[in-house]
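Note that the structure is predicted; figures quoted are calculated from it, not measured. What's counted below: heavy atoms across the whole structure, side chains too, no hydrogens, waters or symmetry copies.
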Amino acid sequence: MGLTKQYLRYVASAVFGLIGSQKGNIVFVTLRAEKGRYVAVPACEHVFIWDLRKGEKILILQGLKQEVTCLCPSPDGLHLAVGYEDGSIRIFSLLSGEGNVTFNGHKAAVTTLKYDQLGGRLASGSKDTDIIVWDVINESGLYRLKGHKDAITQALFLREKNLLVTSGKDTMVKWWDLDTQHCFKTMVDHRTEVWGLVLVSEEKRLITGASDSELRAWDITYLQEIEDLEEPEPKKIKGSSPGVQATLEAEDGTLEMDETPEDRILSCRKAGSILREGRDRVVNLAIDKTGRILACHGTDSVLEVFYILSKEEIQKKMDKKMKKARKKAKLNSCKGEEEDLEINVEMTLPDEIQRVVNIKTSAKIKSFDLIHSPQGELKAVFLLQNNLVELYSLNPFLPTPQPVRTSRIAMGGHRSDVRTLSFSSDNIAVLSAAADSIKIWNRSTLQCIRTMTCEYALCSFFVPGDRQVVIGTKTGKLQLYDLASGNLLETIDAHDGALWSMSLSPDQRGFVTGGADKSVKFWDFELVKDENSTQKRLSVKHTRTLQLDEDVLCVSYSPNQKLLAVSLLDCTVKIFYVDTLKFFLSLYGHKLPVICMDISYDGVLIATGSADRNVKIWGLDFGDCHKSLFAHDDSVMYLQFVPKSHLFFTAGKDHKIKQWDADKFEHIQTLEGHHQEIWCLAVSPSGDYVVSSSHDKSLRLWERTREPLILEEEREMQREAEYEESVAKEDQPAVPGETQGDSYFTGKKTIETVKAAERIMEAIELYREETAKMKEHKAICKAAGKEVPLPINPILMAYGNISPSAYVLEIFKGIKSSELEESLLVLPFSYVPDILKLFNEFIQLGSHVELLCRCLFFLLRIHFGQITSNQMLVPVIEKLKETTISKVSQVRDVIGFNMAGLDYLKRECEAKSEVMFFADATSHLEEKKRKRKKREKLILTLT
């Protein structure tokens, strides 16, 4: 058997040219104890942390494959929760940049994430219409809330009460009681999707944004506050007095759809609405941390800012109004006695929520975040549609507040999609050009080193010597730029239509262009005298024209410069002799036009890629088609051979880049990473690097490694990946009393949970084998009358000579907290009796009581019927009952003791420093610093 051909693997090296992607939201994050300086922005599958002051990227939170759809910083500012397109959630530490916790529960993209006030719980809403509440500390799911009929748009925890309020695209706003995990109120007043939701005025008012130009406000009254204070707590929540009930019924009218009147915890009454200036839907609605500034935007570039007045400010306003009304009444009436009776001043909603100012950004807003500093300054950061981040600041308390743009991150990317890429001859510089600008990047540092404005670019190349570049534009112009100065040297009208393609001649003295005006033009480089200086500068001269019958889409020289391949709109590729421009061959066979093509380094093969999704490999000697490959699931957009080989890369609108072998017609590997259609790619002259650009605004660099790639292994890995995906998509195991497809639990089956279940099964089997061996060994020893050495299992030896039962415990400890329930759910019942017996042993020893109780209660819940009907397990369960109750109460006592100790320490510290401990200590310190600075300034001015 001959040797298999060896290929080298290309791997993803970096993502650049992207400032922020459109799917997720921008948020302020606290880093190095600084607020309002750093922002987290979704960038395809990663999250970039930008420093707004310096305009630099300081941290990348590495994602896996899926695109980021949602971000939420934790209240303590140390973590960032990130939601992904596939429904998974990861929690990253902002100090280390590592994602330690993963939650898998949703079946579709995560649309909203919100922490509660302390940061112990996280609520996530998704396109799969479910809300899941996660325990961040225990790293596990608490419960799934079902009820919405369309994607969730927002979820908010209430600070004081254990309630959650959610909105969805099904026009509903639902209130959930988290103690009982049920929906106790549904507001059905909206006629369109509810896109945003905020709680203001100490959670006494709810403001919703829908698909029209109104922001609706609702007054919230909590029933226990209406009722008599003497009534005991539980009673107040459940049932309210009949009188109150009746008045609430009357107030609400038909707005409510409550299960039963007794279940009411609060009532909502419409307080009015504020009109926005935008006529389209609300895209985002948010308040700052202080709850005083409200802002919203639609699908345009205007953010509307409102100020919410406090009780004192409203009272002042009322008094002023009253005064005015009295004055007016005095003037109007001659009788002084009656004026008091007629005066009636009503507070309207626009009086309580005042419009401050509109902030107009330079492009459409995709998302924003607010931060209100103690000095009164408001900072608003925007992620814009055209790959930009802008920061505006304003003082809302001035009579006429003026928003000022204080910083902007624009350098690191283009405003529109990159349509052409090329490498310099030394493999170091990369050129990317879009609709308005050209950027030159350093390949090793990925920094942008030059930006030049241009017209809509379609094709480009570096002039030999790498000192100038030539761009072909959509209007048919050739633009020649000097890289050292960044100046446009010359613009030449080359074609009447779009200039689709250029090819540098192999002798490097000229190039050829093809355009939509049905012509191919030949150009030579020349040096001309510059009017402004004594030196000569580079220019180009038109030498010949080849007129054709169809639009030219692509042109390519053969390496010996004898032939020129031209792809036409009639789906054929015509090949001409360069010297005489006589016709040589026609390559026909594609069903749609050939968009891209390339000729191999030795001039033997030509590969053509077409909009019909096929790549055809032809011989250049006779024009025969060697092979037709179905390459992509959508149009093939770009094709290029790797220098000095017969391997070539293709890029498609199906988001993939593929490498092929043109001799063996084999598909070598697929480079996945882009999330939208790929427009172009460039292979470096050495063949070590590939750079690609896509509609997701990102540029990606791929690097050739020294790792050999064996096709059989690659196919095997692909099959494994497909199998793993199918395992995760299989039907969940049925739980008694559950309808098929309805998941009661918060997790979902993934390949990790299946592997964890397999590890438990293996551990139990090993435990069974070893206990059987022990019994045999004892019998042998008894028969022999002396101690016979026992062979030790190598696995147990690797764990440090532990007992088989301890090994089972180690396996349970090794399972991720977030995957524990799902792993136990797929475990066959035959393993459960052994597990219960082992748990009894472990709990008696008092080791890992919390973990074991969690597993135990879960197993009892899902296998209740089988366990109770099994007579063998009755004594085991009885023993477990005794040991569990005693051990859990012991653990509880320890925790209680520790809590009391910490409380004592807190009181001691407070007594010593007379400062409130923990939360208040830092704010006191800042206040002291501020006062000290003021004092120092005063002293300086006095002296």
Side-chain angles (χ1 to χ4, degrees), residues 1-11 423 503 506 554 556-565 567 572-573 575 584-590 594-610 612-633 636-652 654 656-672 678 681-690 692 702-719:
M1 178 185 146
L3 278 170
T4 54
K5 188 167 178 181
Q6 206 176 43
Y7 305 102
L8 293 175
R9 188 185 295 283
Y10 281 82
V11 294
F423 263 100
S503 178
C554 191
S556 181
Y557 268 117
S558 70
N560 58 10
Q561 214 169 325
K562 283 187 176 169
L563 303 173
L564 175 73
S567 135
T572 64
V573 175
I575 300 192
F584 170 46
L585 290 170
S586 177
L587 314 177
Y588 53 88
H590 282 290
V594 172
I595 299 171
C596 50
M597 60 183 179
D598 197 18
I599 298 174
S600 65
Y601 75 103
D602 51 8
V604 173
L605 300 172
I606 177 170
T608 58
S610 158
D612 64 8
R613 307 183 285 182
N614 289 307
V615 167
K616 289 185 191 286
I617 298 162
W618 318 75
L620 256 187
D621 38 9
F622 305 111
D624 54 326
C625 179
H626 291 184
K627 187 76 173 173
S628 181
L629 303 162
F630 179 70
H632 291 269
D633 298 331
V636 182
M637 294 306 291
Y638 211 85
L639 185 151
Q640 195 177 343
F641 273 98
V642 177
K644 308 275 185 294
S645 77
H646 279 186
L647 309 179
F648 64 91
F649 281 99
T650 59
D654 60 354
K656 292 186 175 77
I657 298 168
K658 294 185 179 182
Q659 192 188 16
W660 308 82
D661 184 343
D663 293 330
K664 300 202 167 192
F665 317 125
E666 289 270 22
H667 168 214
I668 301 164
Q669 65 171 335
T670 303
L671 306 178
E672 288 186 42
I678 299 170
L681 59 84
V683 182
S684 69
S686 64
D688 285 336
Y689 300 95
V690 178
S692 58
W702 314 82
E703 200 174 332
R704 183 161 62 188
T705 59
R706 300 288 123 221
E707 180 196 345
L709 183 146
I710 292 134
L711 291 182
E712 282 71 32
E713 280 180 17
E714 200 65 14
R715 306 276 180 278
E716 186 63 37
M717 278 158 67
Q718 215 171 331
R719 281 194 291 274

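The shortest non-hydrogen separation linking I599 to A565 is CD1-CB, 4.2 Å.
Between D602 and H646, some side-chain heavy-atom pair lies under the 4.5 Å cut-off. Within the 4.5 Å cutoff, no side-chain heavy atoms of W618 are placed close to those of L585. At least one side-chain heavy atom of Q669 sits under 4.5 Å from a side-chain heavy atom of L671. Looking only at side-chain heavy atoms (C-beta outward), P506 and N560 stay at 4.5 Å or farther from each other. When side chains are defined from C-beta on, Y638 does not count as touching I678, because their heavy atoms never get closer than 4.5 Å. A 4.5 Å side-chain heavy-atom check between W702 and L681 finds every atom pair outside the cut-off. Annotation: side chain of V683 is in contact with side chain of P643 (closest heavy-atom distance under 4.5 Å). Looking at heavy atoms from C-beta onward, V636 lies out of side-chain contact with N614 at the 4.5 angstrom threshold.
For the pair S503 (side chain) and Y557 (backbone), a donor-acceptor distance under 3.5 Å is present. One N or O on the side chain of D598 and one on the backbone of F641 form a donor-acceptor pair closer than 3.5 Å. Not a single donor-acceptor pair under 3.5 Å links the side chain of S610 to the backbone N or O of H590.
L563 CG to Q561 CD: the interatomic distance, rounded to the nearest 0.5 Å, is 11.0 Å. The NE2 atom of H626 sits 11.5 Å away from atom CD1 of I606, with the distance rounded to the nearest 0.5 Å. In this structure, CZ in F584 is found 7.0 Å from CD1 in I575, a value given to the nearest 0.5 Å. In this structure, CZ on R9 lies 4.5 Å from CG on L709, to the nearest 0.5 angstrom. Atom NZ of K616 is separated from atom CG of L639 by 13.5 Å, given to the nearest 0.5 angstrom. Note that the NE2 atom of H632 and the CE atom of M637 stand 11.0 Å from one another [nearest 0.5 Å].
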* To do: Step by step, work out the side chain to side chain contact (heavy atoms under 4.5 Å, CB included) result for V690 and Q659.
  => CA-CA 11 Å; V690 178; Q659 192 188 16; over 6 Å; no
* To do: For side chain to side chain contact (heavy atoms under 4.5 Å, CB included), just list the numbers for W660 and I617, CA-CA rounded to whole Å, side-chain angles, deciding distance to a tenth of an Å, and then say yes or no.
  => CA-CA 11 Å; W660 308 82; I617 298 162; over 6 Å; no
* Decide yes or no on side chain to side chain contact (heavy atoms under 4.5 Å, CB included) for E703 and D688, but give the supporting numbers first. => CA-CA 6 Å; E703 200 174 332; D688 285 336; 5.9 Å; no
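Residues R715 and E712 are not paired through a salt bridge, judged by the lack of any N-O separation under 4.0 Å between the basic side chain and the carboxylate.
Aromatic ring orientation, Y10 versus F649: perpendicular (interplanar angle above 60°, classes split at 30° and 60°).
Using modelled atom types and a 3.5 Å distance limit, the side chains of K658 and T670 yield no donor-acceptor pair.
In Y588, the OH atom is not crowded: 12 or fewer heavy atoms of neighbouring residues, nucleotides or ligands sit closer than 6.0 Å. Other residues, nucleotides and ligands place no more than 12 heavy atoms under 6.0 Å from the CZ atom of F622.
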